[in-house]
Amino acid sequence: MRYFRLKKRKEFSAVLKQGRRAYAGSLAIVYMPSETLKMAVCVGKKYGKSVRRNRIKRLLRAAFSQYAESIVPCSVLLIPRVAETYSFSVFSKDIRKILEREHLIAHQS
RNA sequence: UGAGCGGACUGCGCGGUCGCGGCGCGAGAGAUCGCGAUGAGGAAAGUCCGGGCAUCGCAGGGCAGGACGCCUGAUAACGUCAGGUGGAGGCGACUCCAAGGAAAGUGCAACAGAAAUAGACCGCCCGCCGAAUCCCUAUUCCGAUAGGGCGCCCACGGGGAGACCUGCGGCGGCGAGCAAGGAUGGAAAGGCGAGGUAAGAGCUCACCGACGGGACGGUAACGCCCCGUGCCAUGUAAACCCCGUCCGAUGCAAGUUUGGGACUUCUUCAUAUAGGGUUGCCCGCCCGAAGAAGUCCGUGAAUAACGCUUGAGCCUGUCGGCGACGGCAGGCGUAGAUAAAUGACCGCGCUCGACAGAACCCGGCUUACAGGUCCGCUCAUAUC
RNA sequence: GCGGGAAUAGCUCAGUGGUAGAGCGUCACCUUGCCAAGGUGAAUGUCGCGGGUUCGAGUCUCGUUUCCCGCU
């Protein structure tokens with residue numbers, strides 16, 4: 001089971017307005033229940049130039065896709081924290097921590 | 001060997017597992033799945049120029065505005081490039097230069113300096129008048145000049161409260177001549193030397209510079225030579241400006257197509273010297289505009305498809321050209337996303353990997369960039 | 001992606017190519033028993049940064065950095 005991308009501005013606003021927020025050390029997650037699993041990352045200009053922003057987005061997508069199989073259907077926004085350096089292992093660990101705390105993991109394999 | 005100059009290229013590699021965006025093939029009613037090949041740069045950046053392309057305007061005209069500026073060529077075009085000219089820098093290889101016009105006109109040139117785009121303040125020299133006008137020696141064209149001494153009564157300068165001391169034989173006024181000298185300044189009416197003169201002056205002469213004319217070389221910018229003119233007009237045009245060349249506006253969020261458009265009614269604004277559109281303005285040209293409700297249809301709306309990648313394309317060879325570049329022949333098929341694709345993990349290697357991510361497409365410019373490779377050349381030193 | 005604008009004292013802003021200014025703030029003094037208000041005086045600048053033009057640049061010009069605004 002793969003995830004879909006969250007594209008529409010309406011959906012973005014809806015999630016940001018009505019969604020539930022959860023925080024870990026390196027990032028924040030905003031989510032609300034929906035029919036299918038949808039995900040988006042938020043990386044604005046404040047994170048640096050385009051190479052740096054692309055790097056952050058790739059790391060977040062890669063980290064998220066590890067758990068995509070097992071998450072209950074909902075709309076998810078990943079918002080990283082501004083930092084000096086970013087790493088896959090820290091993102092992966094923090095996403096897992098949040099998913100477990102918020103009971104978003106459906107069937108543990 | 002050291003220091004340096006110019007040009008070209010490269011800018012992590014190999015293997016495995018799991019993933020991402022187009023594309024092709026296959027399966028499936030469809031969602032989707034499988035396989036295969038492919039997938040960021042030299043600057044993709046800044047958006048500083050030039051084009052293509054698209055829409056609007058096209059009887060169009062004028063004004064304004066903008067850009068550029070040695071010459072010749074290259075090019076679709078350019079503010080780019082190539083080759084040359086002139087100037088500046090460097091021992092040199094070589095590098096840099098927005099490099100037309102200041103006798104078309106206007107403006108500006110602070111401070112300093114006597115004076116700033118033109119004059120005569122000081123000064124030099126001659127004549128006259130006034131004060132004063134010592135002595136010795138030499139020369140003498142009998143005006144004086146040079147050297148030495150004496151002296152501060154008179155004049156000028158300096159010092160001192162003053163008496164006075166001291167430099168000097170020295171001054172002041174008027175008139176005429178001159179523009180050589182005068183601590184300034186970025187710039188002071190060609191420079192330097194000689195002659196000349198009462199003192200001076202391109203007043204005269206040589207050389208250099210400037211200007212004008214001519215011959216020769218060069219497509220030209222320009223170079224070089226000869227002759228002439230004593231020479232007169234500072235700088236600034238990246239101040240206004242003049243001359244020459246060029247420019248319609250807006251930018252793919254341009255724009256095209258489909259899907260909601262048609263009809264009826266009402267309201268609001270404007271109603272012709274008005275308003276809107278057309279290029280910033282004027283003339284000219286064209287035209288009413290916006291909203292709401294009802295009926296039919298449809299429902300995804302900053303959306304979908306097209307534009308969207310075969311193009312002034314890239315590579316190789318050859319020919320023409322000093323070169324930029326162009327001609328011919330052969331070969332190649334090389335990202336097209338749209339909340340937006342290259343990542344994660346593991347292993348090995350080394351010098352431990354810089355600047356940095358396509359968004360309509362090209363040609364340039366500019367800026368950023370760890371390191372590495374190659375070619376050509378210069379200077380210094382040593383040896384042969 | 002495309003187009004436009006700004007940067008001057010701690011803050012808000014002026015500024016004709018010729019010595020960088022105003023207001024608020026800061027500091028010192030006067031005034032007051034003390035504070036505020038008032039008065040007098042003073043300090044404060046890489047004119048964002050780097051080249052060029054000019055005798056001379058905050059101003060003209062080229063590049064660069066940062067920030068702001070508009071366009072669906």
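The sequence lines fix the lettering, A, B, ..., with proteins before strands; numbering per chain opens at 1.
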Between [N] atom [atom2] and [X] atom [atom1], what is the distance in whole Å?
X       : N       : atom1 : atom2 : answer
A:Phe64 : B:rC18  : CZ    : C1'   : 17 Å
A:Lys57 : B:rA341 : NZ    : C1'   : 10 Å
A:Leu59 : B:rU342 : CG    : P     : 11 Å
A:Arg52 : B:rA354 : CZ    : C1'   : 16 Å
A:Arg55 : B:rA40  : CZ    : C1'   : 17 Å
A:Arg58 : B:rC345 : CZ    : C1'   : 17 Å
A:Tyr47 : B:rA356 : OH    : P     : 20 Å
A:Tyr86 : B:rA344 : OH    : C1'   : 18 Å

Would you mind telling me which of B:rC345, B:rA341, B:rG343 lies closest to the side-chain atoms of A:Asn54?
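For A:Asn54, the side-chain atoms sit closest to B:rA341.
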Can you tell me how far [atom1] in [N] sits from the matching atom in [M], rounded to whole Å?
N       : M       : atom1 : value
B:rA115 : B:rG182 : C1'   : 11 Å
B:rU117 : B:rA109 : P     : 9 Å
B:rC96  : B:rG235 : P     : 29 Å
B:rC361 : B:rA44  : P     : 12 Å
C:rG10  : C:rC27  : P     : 15 Å
B:rU257 : B:rG57  : P     : 15 Å

Mind checking if A:Lys49 touches a base, just sugar-phosphate, or nothing, with heavy atoms under 4.0 Å?
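Sugar-phosphate only.
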Students often get this wrong, so: under 4.0 angstrom with heavy atoms, is A:Arg53 touching a base, only sugar-phosphate, or nothing?
nothing
For residues A:Lys97 and A:Asp94, determine if any side-chain heavy atom of one lies less than 4.5 Å from a side-chain heavy atom of the other.
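Contact flag for A:Lys97/A:Asp94 side chains = yes.
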Are any of A:Arg61's side-chain N or O atoms less than 4.0 Å away from OP1 or OP2 of B:rA340?
yes
Base-pairing mate for [N] - Watson-Crick or G-U, with both contacts under 3.5 Å:
N       : result
B:rA289 : B:rU268
B:rC263 : B:rG294
B:rC53  : B:rG251
B:rC243 : B:rG69
B:rC332 : B:rG313

I want to verify the glycosidic state of B:rG22; is it syn or anti under the 90° rule?
syn
Would you name the heavy atoms of A:Leu27 and A:Pro80 that are closest together and state the gap between them?
CB-CA, 3.8 Å
Distance, nearest 0.5 Å, that separates CZ of A:Arg21 from CG of A:Leu77
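If I round to the nearest 0.5 Å, the distance is 9.0 Å.
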For the atom pair CZ (A:Phe64) and CD1 (A:Ile29), what is the distance rounded to the nearest 0.5 Å?
7.5 Å
Using heavy atoms to find the nearest nucleotide of RNA chain B for A:Ser65 and A:Val41 separately, return the residue whose nucleotide is more 5′.
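Whichever sits nearer the 5' end wins; that is A:Ser65.
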Please walk me through it: do A:Val76 and A:Ile71 pass side-chain contact (heavy atoms from CB on, under 4.5 Å)?
CA-CA 11 Å; A:Val76 179; A:Ile71 299 177; 5.6 Å; no
Look at the rings of A:Tyr86 and A:Phe91 and say which category their plane angle falls in: under 30° parallel, 30 to 60° tilted, over 60° perpendicular.
parallel
